[in-house]
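Only one structure is covered here, and it is reproduced in the block below.
Small disclaimer: the values here were computed from a predicted structure and weren't measured.
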Amino acid sequence: HGYIRWVAGDWVPPAVRALLPVKNDRPFIFVPVGYLDREKTSYLQNILTAIGLSVPNLIVTTAETHGSAEDQKAMYGVHNLGEHAVASEWTEDQTREVIEAKLGRLLESTMESSVEVGAWVMPDCPRRRNGAIKMICDALPSNSAGDSIALGVIGLDAADEEDGLTQNIKNSMKPIGSPLTNVSKIHYDTTANDSAPSPHLTHLLIFESPAEGKRFREEMLALVPDIMLAFGNITRDAMTNLFETATEGSPIVMIKHTGKNVDALCRMFRHVKEHTHSSSSSKLTASSTPTPPNASDNTQHHSSSKKLKIPPMKSEEDELIRFFINTWPSNFSFESLVLADPIVITGPALQKRLLAAITATFDLKSGSPDSRIAKKKVLDYAWSFCDVAKKHSKSKKWNTESLHIQLIICTLLSIVASVVYDQVYAGTKPHGYFQLCVYISTILLPLYITSLKQESDKGIDFLRWSAFKNAATRIESEIYLFRTQVGPYRVNEKTESAMQKPLEHFAKRVRHVWMGVKQHLHEDGIDIPDDFWDCTMQNASAPDKKGNKAKGAKHTDNEGYHALPDEHTKLLDFPNEPMDDSDSSDDEENPKIKLYTDDKYSPMSAEEYIETRMKSQMQKLIAKASKMDSRSDVLSGTIKRITIFSGAAAALHLQWSVPIVLGVTAALGTGQEFRKYPRRIELANQLVVQLNELKLWWMGLSMYQKQLPHNKDHLIMTAEKMIVHEMMYSFDTPNSEDDKDE
C-alpha cells in the first residue's frame, strides 16, 4: 500500500497550481501478479478491507472519453440545430452554454441521488486523459465528501513502465501494516491528457497485471448493480463497450449533443427502436403460437439467441455502427436504455427514467422465453394448490362450526326437555307418544352430547381447518415473494442458471407446505386427482363462460400450451417492448404511466405489491374487524340482557325458567369464546397498524433508496411475515422451526 501525492511542477501555470486540492494525497493498494489466483474465494473482500471500503449498493461507471473537460465542452452542440424543437433559433454558442449548464445539473442530480444510497463512481478508464472523470467527480455532493467514493482500478501496462509510473509506485509502497516512509509524486496538471491516475479519484487499486485489474472490475460489476453514464467525446473502444453493456442489459444513460460518437450511438438506438416498433405486431402474432413443448431444446435456444435483422441506416458511413446493427441481438430490451436531451429533460425527469431502467434491469428479471414458460407453469401449480387448500379449509371450517353448533343446540334441548318434563309431567311414568318422546330425549340427548363433547375435545376438524388455512396462506405468501423476487427469489446474475435457482427454491417451498397437509387429505379420504399434474398454463388463464378464470381444469399439456390467451403472450414474447417512436419521447418529463392489472403471474414491483397485496389485505382486515366487532357487541349485549332476565325470573318466583335462561347464556358465551372475537379483532387491528407503519416507512425512502434490494426485501418479506403470523396466531398455532429460521 502507499500514497500518491500530486505536486505542482514549475512549468505548471499559476492558475492551474491554485487548483491543487488541499488533500492531495490518495491512498492506493498495490495487488501483485497472481494474488487473485492464490486467494480465489476471498481476494475481493481482502482487497476492499485493505483499502478501507465495503461492497457498495450501486456502482456508477462512466464511458471512456478523450481530452480534458474543457476540450470536450468545445464539442457540445446540436446536429441540425434548426430542426431542434427548442434550440432552433439559438446560436451555436448559446446552445453550447445551455448544454454545459444543463449537463452539470443532470450530473449533480444523478450523483446526489446515487451517493444517497451508497453508490461508488468507478470509471471505465481512471486515467488523467479521461476528462469525464473530472466532470463526474465535480458533480459529487460537496457536503458528503466523506461518503463520496470514486474508485480507480488501474492495471499497469507497458506504457506505464515506459513513463516511469510503475517504478514510481513500487519505490514508495510498503507491505500492508507497515508504516509509510515515502509517497509517489505525480505532477498535477489539469491540462495533461496522459495515462497517469486521475487526481479526482478518492481511492486507487493498482494491479500489477492489467488482466487481473480487468478481472477484479468485472467481478465487482457482476456482484453489484451498475449504471453507465455516457457523455462527452467518448472513444471508439468506449462505443464497443457501450454496445456490449447495452446488449447485456445493464442500464445506460446517454446524454445527447455532448459528443460526435454519443450522437451516433443515439441515432443508432433510435433507428433500431423504430424498426422494432414496426415489426412488433408480427412478432406478437408469432409468439401467440409458440413452438410445441416437444420441440428440441436446440431450436428453442436458437430462437432466443439469434440475431435480429435490422435494415442499415441511410447515409451512415461509420463501420462500427454498421457492425453493431448487423449483430443486433433479438432479445435486446430498450427498457434499460435512457436517451436524454439535456436541453429538454430536467433532473427529476431523468431520475424517474433512470429508476425505471434500474427496476427493469435489476429489480424484476423475466429471463428467456423458456424461463418465463417454466415460471408460468409452476405458478399455475401453486395457485391450484392454494385453491385446493382454501376449498378444504372452508370444508373443515364448516365441519368445526357444525360440531360446535350441534353441541350447543343439543345441550339447550337437553336442558329444556328436562325442565319441561319435570314441570309438565311431574315425574310420572311416560304414557302417550309426545311424553314418551320427551322422556327418551332426556336420556339420549346427554349421551349424544357426551359423544359430541369427546369429538370436540379431540379437535380433529379444527386441527385440519387450521392446517389447510395455514397452507393456503403460506402458499399465497410464497407466490407473492416469488413474483416480487425478494429474498431467496432474487436473481443476482444475468444467466439462465441463475434464473433457475429461484424456480427450484419456490417449487421446494410449495412442496414442503403441501406435504404438511397431505396426511389430512388421506385421513379424510380426499386426495389430489391423478391427472392434476397434467394441468398447464390454461389452468388459471382460460376464462369460463362468465368471464372468470378457472383453475384446476383437466386438459393436456399441448392444449394448455396452444390455448394461451392473448393477455399472456407477453410472458412468452421476447422482451422487446417497443417505445414511443416520436423523437420527443426520449425526453418527456412525465412519461406515460401504464395502469397495472394483476394477472396473478407477472413479476411485481414494490409499488405494485403495495397496491395489490398490502392495500387489499388492509381493506379485508378493516372490514373483518368491523364485522367481528359488531357481532361481539351483539353477543355481549345479549348475554347481559339475558342475565338480567334470569334475575328477574328468580324474583318473580319463576325458578323453573332459570336453568333454561342460564343455558342460553352459557351457549352464547361458549359461542363468543369459540370465535375468539376479542383476540381476532386485536390481531387484525395490530396487523393493520403494522402494515400502515411499513408503508409509511417505504414512502419516506427516496427514489433511489427504494431500488436497493435490502429495502425492498424488508418491505415485502416483513409484510408477508406479518400476514402469515396474524393467521397463525388467530388459530393459536405456534411457529414452526422453518418460520423461526426464516
Side-chain angles (χ1 to χ4, degrees), residues 61 63 124 221 226-230 234-256 259-287 290-291 298-340 353 356-357 360-362 365-372 494-496 499 569-570 572-583 585-586:
T61 64
D124 273 3
L221 295 179
D226 64 283
I227 58 176
M228 174 172 281
L229 302 180
I234 63 174
T235 63
R236 304 285 287 180
D237 291 339
M239 294 176 65
T240 303
N241 187 25
L242 278 166
F243 175 73
E244 294 175 351
T245 303
T247 54
E248 290 173 359
S250 295
I252 294 179
V253 178
M254 303 193 68
I255 302 180
K256 303 176 182 178
K260 177 181 177 181
N261 291 335
V262 169
D263 289 344
L265 288 175
C266 289
R267 290 194 299 271
M268 177 192 71
F269 284 118
R270 167 66 59 187
H271 173 76
V272 176
K273 184 171 64 174
E274 291 175 351
H275 171 76
T276 305
H277 177 69
S278 62
S279 61
S280 59
S281 299
S282 59
K283 179 172 292 187
L284 285 173
T285 303
S287 66
T291 306
N298 293 335
T299 302
Q300 294 183 8
H301 175 74
H302 176 72
S303 64
S304 62
S305 60
K306 64 182 181 181
K307 301 297 183 293
L308 189 65
K309 293 183 179 180
I310 305 294
M313 295 177 61
K314 297 180 180 179
S315 67
E316 180 57 57
E317 300 179 355
D318 193 325
E319 295 182 358
L320 196 56
I321 298 295
R322 293 180 180 177
F323 173 76
F324 294 157
I325 293 177
N326 292 333
T327 58
W328 202 271
S330 60
N331 60 347
F332 177 78
S333 174
F334 284 100
E335 294 179 344
S336 62
L337 182 65
V338 178
L339 306 181
R353 299 195 58 204
T361 304
F362 299 113
K365 296 181 175 65
S366 58
S368 66
D370 291 339
S371 297
R372 294 195 289 276
K494 307 169 187 176
T495 61
E496 287 301 312
M499 296 291 298
T569 54
K570 63 180 181 180
L572 303 179
D573 192 20
F574 295 112
N576 288 6
E577 298 184 3
M579 302 170 62
D580 188 2
D581 60 352
S582 60
D583 187 64
S585 64
D586 292 329

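Interatomic distance, Asp124 CG to Leu242 CG, rounded to the nearest 0.5 Å: 8.0 Å. The distance from the CG atom of Asp226 to the CG atom of Leu221 is 5.0 Å, given to the nearest 0.5 Å. Here the CG atom belonging to Leu320 is positioned 9.0 Å from the CZ atom belonging to Phe243, to the nearest 0.5 angstrom. Taking CE from Met313 and CD1 from Ile325, the interatomic distance works out to 5.5 Å, rounded to the nearest 0.5 Å.
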Discussion item. Using side-chain contact (heavy atoms from CB on, under 4.5 Å), reason through Lys273 and Leu337 one step at a time and then give a plain yes or no.
Written reply: CA-CA 11 Å; Lys273 184 171 64 174; Leu337 182 65; over 6 Å; no
Discussion item. side-chain contact (heavy atoms from CB on, under 4.5 Å) for Lys256 and Val262? Distances and angles first, verdict last.
Written reply: CA-CA 6 Å; Lys256 303 176 182 178; Val262 169; 5.6 Å; no
Practice prompt. Kindly indicate, with the supporting measurements, whether the criterion side-chain contact (heavy atoms from CB on, under 4.5 Å) is fulfilled by Ile227 and Val253.
Written response: CA-CA 8 Å; Ile227 58 176; Val253 178; 5.9 Å; no
Worksheet entry | Intermediate values then yes/no, side-chain contact (heavy atoms from CB on, under 4.5 Å), Ile321 and Arg267 | CA-CA 10 Å; Ile321 298 295; Arg267 290 194 299 271; over 6 Å; no
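Between Phe269 and Trp328, the ring planes lie perpendicular to each other; the angle is over 60°, past the 30° to 60° tilted range.
Remark: side-chain polar atoms of Asn326 are paired, donor with acceptor, to backbone N or O of Arg322 under 3.5 angstrom.
By the 4.5 Å heavy-atom criterion applied to side chains, His271 and Pro311 are counted as neighbours. Put simply, the side chain of Val272 does not reach to within 4.5 Å of the side chain of Phe324, judged on heavy atoms.
Shown are Met268, Met239, Lys260; of these, the side-chain contact (heavy atoms from CB on, under 4.5 Å) with Asp318 is made only by Met239.
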